[in-house]
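Worksheet: one structure, shown below.
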Amino acid sequence: MAANGRTVQDVSPHEFVKSYAAHLKRSGKIELPEWVDIVKTGVLKELAPYDPDWYYIRAASIARKIYLRGGLGVGAFRRIYGGSKRNGSRPPHFCKSSGAIARHILQQLQEMKIVEVDPNGGRRITSVGRRDLDQIAGKIAIVAP
């Protein structure tokens, strides 16, 4: 249990992802791929992300989603982070996000022992990962209503 008895479910998702992304960046355990500054996050996007720390934010968000609901794999994250592709004068359609980004982040989180491969498919949070995420959640002052 985290300090003050707070877990990831008890705090604001936005505040938690910001805090955990800052923690990942400070720890230096995630190595950024060389393509991180030029890659688009999906076919549906026209430009690369403006935020230089977008990779850490995506990693924190993925870790939180696995904490809350295990068994998620690359295909699930492609759907979660996908969106509407604008086709100009033609109608928009749903399009999945990049699988390489999700795969690389999941591999990085696996090396850090935050997540592990679930025998039923996808990934699940480890006890070490649960402890780390709950520690970050315990430090957040703003509690979700």
Side-chain angles (χ1 to χ4, degrees), residues 2 6-118 120-145:
R6 274 192 234 135
T7 62
V8 174
Q9 291 110 329
D10 301 330
V11 296
S12 163
H14 180 71
E15 294 297 322
F16 174 78
V17 168
K18 277 194 333 190
S19 299
Y20 193 57
H23 170 75
L24 290 174
K25 187 174 181 177
R26 270 194 318 274
S27 71
K29 292 181 182 173
I30 286 191
E31 61 182 62
L32 296 176
E34 64 273 2
W35 42 259
V36 75
D37 56 339
I38 56 171
V39 72
K40 299 191 310 178
T41 56
V43 180
L44 64 140
K45 298 292 185 181
E46 292 186 8
L47 297 171
Y50 288 122
D51 187 358
D53 296 334
W54 72 269
Y55 194 81
Y56 297 107
I57 293 169
R58 179 66 58 96
S61 175
I62 284 177
R64 179 182 175 275
K65 287 192 181 298
I66 292 174
Y67 178 102
L68 295 175
R69 189 176 130 222
L72 298 173
V74 174
F77 286 115
R78 288 190 70 193
R79 259 192 323 278
I80 290 167
Y81 294 110
S84 184
K85 181 177 182 184
R86 299 173 62 193
N87 292 319
S89 60
R90 294 173 295 155
H93 294 287
F94 179 82
C95 192
K96 292 180 179 178
S97 70
S98 169
I101 294 171
R103 192 174 307 108
H104 194 270
I105 288 174
L106 286 171
Q107 289 167 353
Q108 293 283 316
L109 291 173
Q110 234 174 301
E111 287 175 17
M112 294 172 58
K113 307 280 191 265
I114 302 293
V115 299
E116 63 187 2
V117 176
D118 192 348
N120 298 328
R123 305 293 204 292
R124 67 178 177 200
I125 198 92
T126 62
S127 58
V128 174
R130 185 172 298 277
R131 186 191 67 214
D132 288 352
L133 270 65
D134 284 340
Q135 280 179 342
I136 298 296
K139 294 177 185 173
I140 297 174
I142 301 170
V143 178

Euclidean distance, R79 CZ relative to F77 CZ, rounded to 0.5 Å: 10.5 Å
Expected output: side-chain D132 to main-chain G129 donor-acceptor under 3.5 Å: no
R124: side chain to side chain contact (heavy atoms under 4.5 Å, CB included) partners, not counting sequence neighbours: E116, D118, P119
Worked verdict on K29 versus L24 for side-chain contact (heavy atoms from CB on, under 4.5 Å): CA-CA 7 Å; K29 292 181 182 173; L24 290 174; over 6 Å; no
Between CD1 on residue I80 and CD1 on residue I62, distance to nearest 0.5 Å: 8.5 Å
Side-chain donor-acceptor pair present, S61, Y81, cut-off under 3.5 Å: yes
Donor-acceptor contact present, side-chain K40 to main-chain K45, <3.5 Å: yes
side-chain contact (heavy atoms from CB on, under 4.5 Å) between R64 and F16, worked out: CA-CA 8 Å; R64 179 182 175 275; F16 174 78; 3.8 Å; yes
pair D134-R130: side-chain heavy atoms closer than 4.5 Å: yes
Separation of R6 CZ from I136 CD1 (nearest 0.5 Å): 13.0 Å
Heavy-atom side-chain contact between V115 and Y67 under 4.5 Å: no
Test side-chain contact (heavy atoms from CB on, under 4.5 Å) applied to K65 and L68, step by step: CA-CA 5 Å; K65 287 192 181 298; L68 295 175; 5.9 Å; no
R69 atom CZ: more than 12 heavy-atom contacts under 6.0 Å: no
Shortest non-hydrogen separation from V39 to I101 and the atoms involved: CG1-CD1, 4.3 Å
Minimum-distance pair of heavy atoms, taken over all atoms of P92 and N87: CA-ND2, 4.2 Å
Separation of H23 NE2 from K139 NZ (nearest 0.5 Å): 7.5 Å
Nearest atoms (heavy-atom pairs only) where V74 meets G99: CG1-O, 3.7 Å
Can you give each donor-acceptor pair under 3.5 Å made by side-chain atoms of residues 47-59, sequence neighbours left out, with the distance rounded to 0.1 Å?
unit_1	atom_1	unit_2	atom_2	d
D51	OD1	D53	N	3.1
D53	OD1	K25	NZ	2.8
D53	OD2	K25	NZ	3.2
W54	NE1	V36	O	3.2
Y55	OH	H104	ND1	2.4

Spacing of CD1 belonging to I30 relative to CD belonging to Q107, to within rounding of 0.5 Å: 12.0 Å
Side chains of K96 and V43 in contact at under 4.5 Å (non-hydrogen atoms): no
Nearest-0.5 Å distance, CZ of residue R103 to OG of residue S98: 8.0 Å
